[in-house]
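A short write-up of the structure that comes next.
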2 protein chains.
Amino acid sequence: MGEEIPKIIIGRLPLYLRVLRRLKNEGEVYASSQELGEMLDISGAQIRKDLSHFGELGKRGTGYEIEFLIEKIRQILNINQVWNIAVVGIGDVGHALARYNGFVNRGFKVTAIFDSNEKKVGTEVQGLVIRDIKDLKEVIHKEDIKIAAVATPASAAQSVTDSLVENGIKAILNYAPIYLKVPDDVLVEYIDPAIHLQKLSYYLG
Amino acid sequence: MGEEIPKIIIGRLPLYLRVLRRLKNEGEVYASSQELGEMLDISGAQIRKDLSHFGELGKRGTGYEIEFLIEKIRQILNINQVWNIAVVGIGDVGHALARYNGFVNRGFKVTAIFDSNEKKVGTEVQGLVIRDIKDLKEVIHKEDIKIAAVATPASAAQSVTDSLVENGIKAILNYAPIYLKVPDDVLVEYIDPAIHLQKLSYYLG
DNA sequence: GTAAAATTGTGCAAATAGTCACAAGCAAAG
DNA sequence: CTTTGCTTGTGACTATTTGCACAATTTTAC
Ligand SMILES: NC(=O)c1ccc[n+]([C@@H]2O[C@H](COP(=O)([O-])OP(=O)(O)OC[C@H]3O[C@@H](n4cnc5c(N)ncnc54)[C@H](O)[C@@H]3O)[C@@H](O)[C@H]2O)c1
Ligand SMILES: NC(=O)c1ccc[n+]([C@@H]2O[C@H](COP(=O)([O-])OP(=O)(O)OC[C@H]3O[C@@H](n4cnc5c(N)ncnc54)[C@H](O)[C@@H]3O)[C@@H](O)[C@H]2O)c1
């Protein structure tokens, strides 16, 4: 109970949540570990073991009650609230993030967008005004933002990150294709499609 | 030598490549495993062990010759060629992918873009004409495309995937937030920012 | 009310991944 | 040409992760 949950398990919870949501949408009420596993290419045993870290969440003979499990995972992941997100760098990627309407029911909402290009600052995307990167401090505090996405060119990503950290950001989703240096208490996740493509091309021989 | 290389090692090679490229750009000629490790938060021992699967690539006392190692990894990952990529679903995400100029020197080039929306078909993005999804077969064969990115809404992703597979696509990069069912000889990688954000929010308590 | 079927939770075993530490090899200095 | 310093490659060890198999529990069928 009080033990540290392995990172790799935390990484699977969002996947479980995604498929549970889908089943709920289709009107299902219960799901077995086997069934979930087949929808995710993960063994039922692994799903059971993962979930068992958080208590006895299933019912023998029946499986897991979908609605209950969704609620439980949301609670574990701290997404039974909506986190305000800042996006920095409103080019193609930042634009797509700002306009994406799939975040809200997954626990996040883009509430502040920043760019350094004076031609962009002041214009609107999806009802949000692009703010000058110089206003980072003010906006982050006002909106109580703890998570930011970095979508600037690689050359600007580290300095933008430094500003974000300095202003209290504790977690970063980085789209720039570089490794970011941050203090130990700040977390970074990376998205780089070229990395995925390179993994794929390995197997295409 | 003839053994199967673990997936997890293949997954790290693109990261090594990225940082090697950067060092080369900065004019460096040699890099030690220690140095690379510090730039990636990976232990030097691990990098050495990973690379040792592919032969004796370093020189004792000196480290790894950057240019040589880059070439070697490119060869291992099969990116000493440029792969043509198809993007299906030219909304915000597909648009960003089509316009991204960072792929080419990493082994990929978007050469075909598809949508089902008649208003979009025929218009241009980055010099490429958006093709009707119905022309998938023709274009994929003509351009000899083996890898595709799916950037349609989730509701269309599985059927689009089925068409892609039917037309000979062997690897898919999926942006839609669902798990795709594909035959065993087809590979899928997933990108879903909400999944990353949910991992982050877990640690923000 | 009992037997059969289903499904969890979990101890244990197996497999996979990562670290340590050092012999071996190379380069530079003297 | 020997010594010193550095860094790889790797065997042995440790840690983590996954899979197996089954008792325990619940549901369903008759
Ligand atoms: N487009 C893609 O599909 C794609 C794919 C993979 C990775 N990426 C990466 O994502 C990042 C963004 O890509 P993009 O295609 O949107 O680029 P882009 O050039 O379209 O947009 C970058 C934006 O960042 C802004 N910017 C630059 N410096 C800034 C600073 N210091 N502070 C705030 N804003 C700043 C620019 O004004 C611009 O609006 C890049 O690092 C790119 O390599 C993009
Ligand atoms: N925008 C983001 O930042 C973001 C983030 C995460 C995930 N996603 C996911 O990526 C996907 C695309 O997102 P988006 O924001 O670009 O959506 P979008 O609605 O802007 O674009 C979707 C495009 O797909 C096309 N399309 C629909 N059905 C099709 C079919 N059968 N064949 C070909 N094309 C078809 C539509 O015409 C449209 O142009 C979605 O699944 C979304 O959930 C987007």
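So that the names make sense, note that chain A is the first sequence line, chain B the second, and so on, each numbered from 1. This structure is a prediction, so every number in the text was calculated from the model and none was measured.
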Strictly by modelled atom types, are [X] and [Y] linked by a side-chain donor-acceptor pair under 3.5 Å?
{"X": "A:Y179", "Y": "B:D41", "result": "yes"}
{"X": "A:Y16", "Y": "A:D50", "result": "yes"}
{"X": "B:E38", "Y": "B:Q34", "result": "yes"}

Spacing of [X] atom [atom1] relative to [N] atom [atom2], expressed in whole Å:
{"X": "B:E4", "N": "C:dT16", "atom1": "CD", "atom2": "C1'", "answer": "14 Å"}
{"X": "B:I5", "N": "C:dT16", "atom1": "CD1", "atom2": "C1'", "answer": "14 Å"}
{"X": "B:H53", "N": "C:dT16", "atom1": "NE2", "atom2": "C1'", "answer": "11 Å"}
{"X": "B:E65", "N": "D:dT7", "atom1": "CD", "atom2": "C1'", "answer": "15 Å"}
{"X": "A:Y30", "N": "D:dT28", "atom1": "OH", "atom2": "C1'", "answer": "14 Å"}
{"X": "B:D50", "N": "D:dT10", "atom1": "CG", "atom2": "P", "answer": "13 Å"}
{"X": "B:E56", "N": "C:dG25", "atom1": "CD", "atom2": "P", "answer": "9 Å"}
{"X": "B:F54", "N": "D:dT8", "atom1": "CZ", "atom2": "P", "answer": "17 Å"}

| message | Can you confirm whether or not the ring centre of A:Y175 sits under 6.0 Å from the ring centre of A:Y190? | response | no
Going by an N to O cut-off under 4.0 Å, is there a salt bridge joining [X] and [Y]?
{"X": "A:R131", "Y": "A:D115", "result": "no"}
{"X": "B:E65", "Y": "B:K59", "result": "no"}
{"X": "B:D135", "Y": "B:K137", "result": "no"}

| Base C:dG9 paired with A:K49 side chain (donor-acceptor, <3.5 Å) | no
| Residues within residues 7-14 of chain A bordering DNA chain D, heavy-atom distance below 4.0 Å | A:I8, A:R12
| Position toward the 5' end of DNA chain D (nearest nucleotide), B:L51 or A:Q46 | B:L51
| message | The test is side chain to side chain donor-acceptor pair (under 3.5 Å); show your working for A:Y100 and B:D92 and say whether it passes. | response | CA-CA 8 Å; A:Y100 187 46; B:D92 288 331; over 6 Å; no
| Euclidean distance, B:W83 CH2 relative to B:Q81 CD, rounded to 0.5 Å |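 Here the rounded value is 4.5 Å.
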Nucleotide N/O of nucleotides 3-7 of chain C paired with protein N/O under 3.5 Å:
from, atom 1, to, atom 2, distance (Å)
C:dT7, O4', A:G61, N, 3.2
C:dT7, O2, A:G61, N, 3.3

